Amino acid sequence: MKASYEVAIVGSGFAGSLLARILAVLGYDVVLLERGTHPRFAIGESSTPLANLSLERIATRYGLADCYDLAAHGRWVDSLPDLRRGLKRGFTYYRHHPHQPFDNRGLDSERLLVAASPEDRIADSHWLRSDVDHHFVREAIAAGVHYSDRTTIGEAEFRADRVTLRGKRDATEFQLNARFVIDASGPGGFLAKQLEIPSGLEKTHTRSSLVYSHFDGARLMSNVVPDLPAGPYPDDLAAVHHVIDEGWMYSLRFDDGVTSAGFLLTPGGIASLGAQNEGNAESLWRAALTRYPTIAEAFGDATAVRPIAFVPLIQHRLTRAAGQRWMLMPHAFAFVDPLFSTGIAWSLRAVERIALAFEAAARGARVPDQSTLHRYESALVTEADQIDLVVAAAYEAMAHFDLFAAQSMLYFATVSFAEASQRLKSNDSVAWNGFMGVGDDILHGIPRESLRRLREITRSQGHAGTSDERRGFVEWLTGAIAPRNIAGLADINRHNLYPIDFDALIKSHRLLGMTRAQIVERLPALRGMSPPPVFPRRARAGIIDLAPGTLESPL
């Protein structure tokens, strides 16, 4: 390594590696430091339309063709077939009850499907992170980023004009200076320790543990529970959620047949599965399967392709996200829960924001100014609060499927309005728009009020409430999201089966501040029919043009 760089990024997951590459394209001298090696296992695999929009904007702005291809399942398969992924058409939910098979009551089943795309080609994807993260590292190297793996940092000394990092690569000690440091290393990252940033976990409401792995041989729900009414997409080609008394389970199927699955268990849920299982990943997994026969039918004969793991608390939160000469990326700052697949989208939004900050700084001091750092920190703090409120309320709503389906409409109304707004009225400042309804005068306050109302019903003890209480909550939330409901959500005539509804979007044109004719004119963009951007062979002069995969191992 050299003695000095302009920017040091610690952590080479997809967000850190992509940001390093963008900064190199902008002409910055960047070093990317990684404690481990690639390829490596990671979870946080389910993308969303908002994540794909960020990738498309990044691709277009900085000339990164692979990011554009990764933003749609069909383009991914055509252009990057060696990177494994799974087709994700939407969000599927089933409510299970202890020791009872899933009850197929036709259209009255406790089942919710919300489409995220109208067809496979422009659909979202589940990311096999070992492949995707490794790809982004290789592309960062090809863009001129200095990469060092097997590297640990023991000390960071902040001065007025630079940051000095000291550590080891393997057994060799090193020291380097950087004008700015970005921590993309995840929870408990090195900056949290070096700067002694206090925990802010007490501010959050959500608490859950995780038992997880990747599995071979898991059965499809369409085979386990045949003859369910047809939905807007095949049930299993989605982020599948199994809602249970103890929390919920995710199931993400990759195109090669491997399934990523895990139980998110509340503290009470852990206790109800038996003290003898607490802390034992394999025992907790088996205890949960035993309690829910339909899930057991899907996963009982599946083989874990890596040891089942247990994380006793997945939430973390810090009190600071940026300061003089440093920033934290979202996952290093806070994490709530994967219930609504917010992780990839939030991380990519931060990549956009930081890239824009350095793009502006390139014309002057070459590091973000204090006002930009404060803006970034304020955004992350408020957005972490908002994600937590939406998720915590959903956990309360799991007491009864009517409540849960209604609470889910808040998430889908928020993100569908944001997606349509960004696709129909895109501009350079969209990256700084509030995530999850933050700053929206209609949506911003709903999550907190929703959590309050649900706790009155459940008494924070899992009570399902009366039918009148549940009906009152559904009616309140339906009315609360109405000014942003451009997707035909919360409609009892849909029987919890929601396709992509362009007719509903056109009818809602006034909610988007557009005329009917303007919406119709822009429909090709929403249908994925816009012509692709033209990308240069080189992101900037002097960068070697290497095809993905040319470098099989990091430098």
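Predicted, not measured: the structure shown is a model, and the values here were computed from it.
A donor-acceptor contact under 3.5 angstrom links the side chains of Tyr233 and Thr92, judged on distance only. For Arg448 and Gln386, the side-chain atoms include no donor-acceptor pair closer than 3.5 Å. At a cut-off of 3.5 Å, with distance as the only test, a side-chain donor of Asp236 or Ser222 sits close to an acceptor on the other residue. Side-chain contact check for Asn104 and Asp227: no donor-acceptor pair (N or O, by modelled atom type) lies under 3.5 Å. Between the side chains of Glu110 and His97, at least one donor N or O sits under 3.5 Å from an acceptor N or O. Counted by atom type alone, Ser117 and Asp124 present zero donor-acceptor pairs between their side chains at under 3.5 Å. Side chains of Asp468 and Thr466: no donor on one and acceptor on the other come within 3.5 Å.
The salt bridge (Lys or Arg N to Asp or Glu O under 4.0 Å) pairs that include a residue from residues 209-224 are Arg219-Glu297, where partners are two or more places apart or lie in different chains.
Looking at Glu56 and Arg75, a side-chain N of the basic residue comes within less than 4.0 Å of a carboxylate O on the acidic one, giving a salt bridge. Ion pairing of Asp103 with Arg111 is absent here, as no side-chain N (NZ or NE/NH1/NH2) approaches a carboxylate O to less than 4.0 Å. Salt-bridge annotation for Glu456 and Arg453: absent, with no side-chain N of the basic residue lying under 4.0 Å from a carboxylate O of the acidic one. Checked for salt-bridge contact, Arg129 and Glu45 miss the test: no charged N lies under 4.0 Å from a carboxylate O.
If you run side chain to side chain contact (heavy atoms under 4.5 Å, CB included) between Asp388 and each of Glu383, His205, Gln315, Met436, only His205 comes through.
Rounding to the nearest 0.5 Å gives a distance of 10.5 Å between NE2 of His400 and CD1 of Ile457. Interatomic distance, Arg57 CZ to Ser54 OG, rounded to the nearest 0.5 Å: 4.5 Å. Glu469 CD to Leu454 CG: the interatomic distance, rounded to the nearest 0.5 Å, is 11.0 Å. Atom CG in Asn52 sits 8.5 Å away from atom CD in Glu419 (nearest 0.5 Å). Atoms CZ and OG1, from Arg253 and Thr259 in turn, are 4.5 Å apart once rounded to the nearest 0.5 Å.
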Ser421 and Leu512: side chain to side chain contact (heavy atoms under 4.5 Å, CB included), yes or no, with the steps? CA-CA 7 Å; Ser421 299; Leu512 289 159; 3.5 Å; yes
Would Phe91 and Phe412 count as a ring-ring contact (aromatic ring centres under 6.0 Å, His included) if you check the C-alpha gap in whole Å, the side-chain angles of each, and the deciding distance to 0.1 Å? CA-CA 10 Å; Phe91 294 75; Phe412 291 112; 5.2 Å; yes
Verify side chain to side chain contact (heavy atoms under 4.5 Å, CB included) between His444 and Val438, making sure each step is shown before the conclusion. CA-CA 5 Å; His444 189 108; Val438 167; 3.9 Å; yes
For Glu246 and Ile270, what are the C-alpha separation, side-chain angles and deciding distance, and is it a side chain to side chain contact (heavy atoms under 4.5 Å, CB included)? CA-CA 7 Å; Glu246 296 80 9; Ile270 289 279; over 6 Å; no
Show your reasoning for whether side chain to side chain contact (heavy atoms under 4.5 Å, CB included) applies to Val381 and Arg320. CA-CA 8 Å; Val381 168; Arg320 295 291 312 280; over 6 Å; no
Apply ring-ring contact (aromatic ring centres under 6.0 Å, His included) to His316 and Phe333, showing your working. CA-CA 8 Å; His316 73 92; Phe333 170 66; 8.2 Å; no
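The aromatic rings of Trp346 and Phe435 sit parallel to each other, their planes meeting at less than 30°, with 60° as the upper class boundary. Using cut-offs of 30° and 60° for the angle between ring planes, the Tyr94 and His242 rings count as parallel. Taking the six-membered ring for Trp and thresholds of 30 and 60 degrees, Trp432 and Tyr376 have ring planes more than 60 degrees apart, a perpendicular arrangement. Ring geometry, Tyr411 versus Phe340: the interplanar angle falls under 30°, so the pair is classed parallel (tilted spans 30 to 60°). Using cut-offs of 30° and 60° on the angle between ring planes, the pair Trp285 and Phe215 is parallel.
A 4.5 Å side-chain heavy-atom check between Pro338 and Leu264 finds at least one atom pair inside the cut-off. At a threshold of 4.5 Å between non-hydrogen side-chain atoms, the residues Ser209 and Val311 do not count as touching. Counting heavy atoms from C-beta on, the side chains of Phe14 and Ile344 come closer than 4.5 Å. Counting heavy atoms from C-beta on, the side chains of Pro101 and His96 never come closer than 4.5 Å. With contacts defined as side-chain heavy-atom distances shorter than 4.5 Å, the pair Leu128/His214 qualifies. A 4.5 Å side-chain heavy-atom check between Thr48 and Lys88 finds at least one atom pair inside the cut-off. Leu113 has its side chain within reach of Pro232: a pair of non-hydrogen atoms, C-beta onward, lies under 4.5 Å apart. You'll find the side chain of Leu18 reaches within 4.5 Å of the side chain of Leu348, heavy atoms only.
Taking the centre and axis of the six-membered ring of Phe335, the NZ or CZ atom of Arg317 falls outside the cone set by 45° and 6.0 Å.
Residue Thr478 comes nearest to Val474 through the heavy atom pair OG1-O, 2.7 Å, listed as atom of the first residue, atom of the second, then distance. Here the closest non-hydrogen pair linking Ala399 and Gly462 is CB-O, 3.5 Å. The two residues Leu477 and Ala406 have their closest heavy-atom pair at CD2-O, 2.9 Å. Between Gln407 and Ala393, the shortest heavy-atom distance links the atoms NE2-CB, 3.3 Å.
Listed for the Thr414 side chain is a donor-acceptor partner under 3.5 Å among the backbone atoms of Leu410. For Ser213 (side chain) and Arg306 (main-chain N/O), a donor-acceptor pair under 3.5 Å exists by modelled atom type. Judged purely by atom type and a 3.5 angstrom limit, Arg470 uses its side chain to pair as donor or acceptor with the backbone of Ala464. The main-chain N or O of Val240 is never found under 3.5 Å from a side-chain atom of Ser251 such that the two would form a donor-acceptor pair. Panel note: side chain Arg522, backbone Arg423; a donor-acceptor pair is recorded below 3.5 Å.
Centroid-to-centroid, the aromatic rings of Tyr212 and Phe263 stay 6.0 Å apart or farther.
Every residue meeting the side-chain hydrogen bond (donor to acceptor under 3.5 Å, both in side chains) condition with Asp337, not counting sequence neighbours, appears here in chain and number order: Ser208, Trp248, Tyr395. Listed by chain and number, the residues in a ring-ring contact (aromatic ring centres under 6.0 Å, His included) with Phe473 are Trp476 (sequence neighbours excluded). His331 is linked by a side-chain hydrogen bond (donor to acceptor under 3.5 Å, both in side chains) to nothing, counting only residues two or more places apart in sequence or in another chain. Considering only residues two or more places apart in sequence or on other chains, Thr204 meets the side-chain hydrogen bond (donor to acceptor under 3.5 Å, both in side chains) condition with Arg207. Not counting sequence neighbours, the partners of Asp255 by the side-chain hydrogen bond (donor to acceptor under 3.5 Å, both in side chains) test are His73, Arg85.
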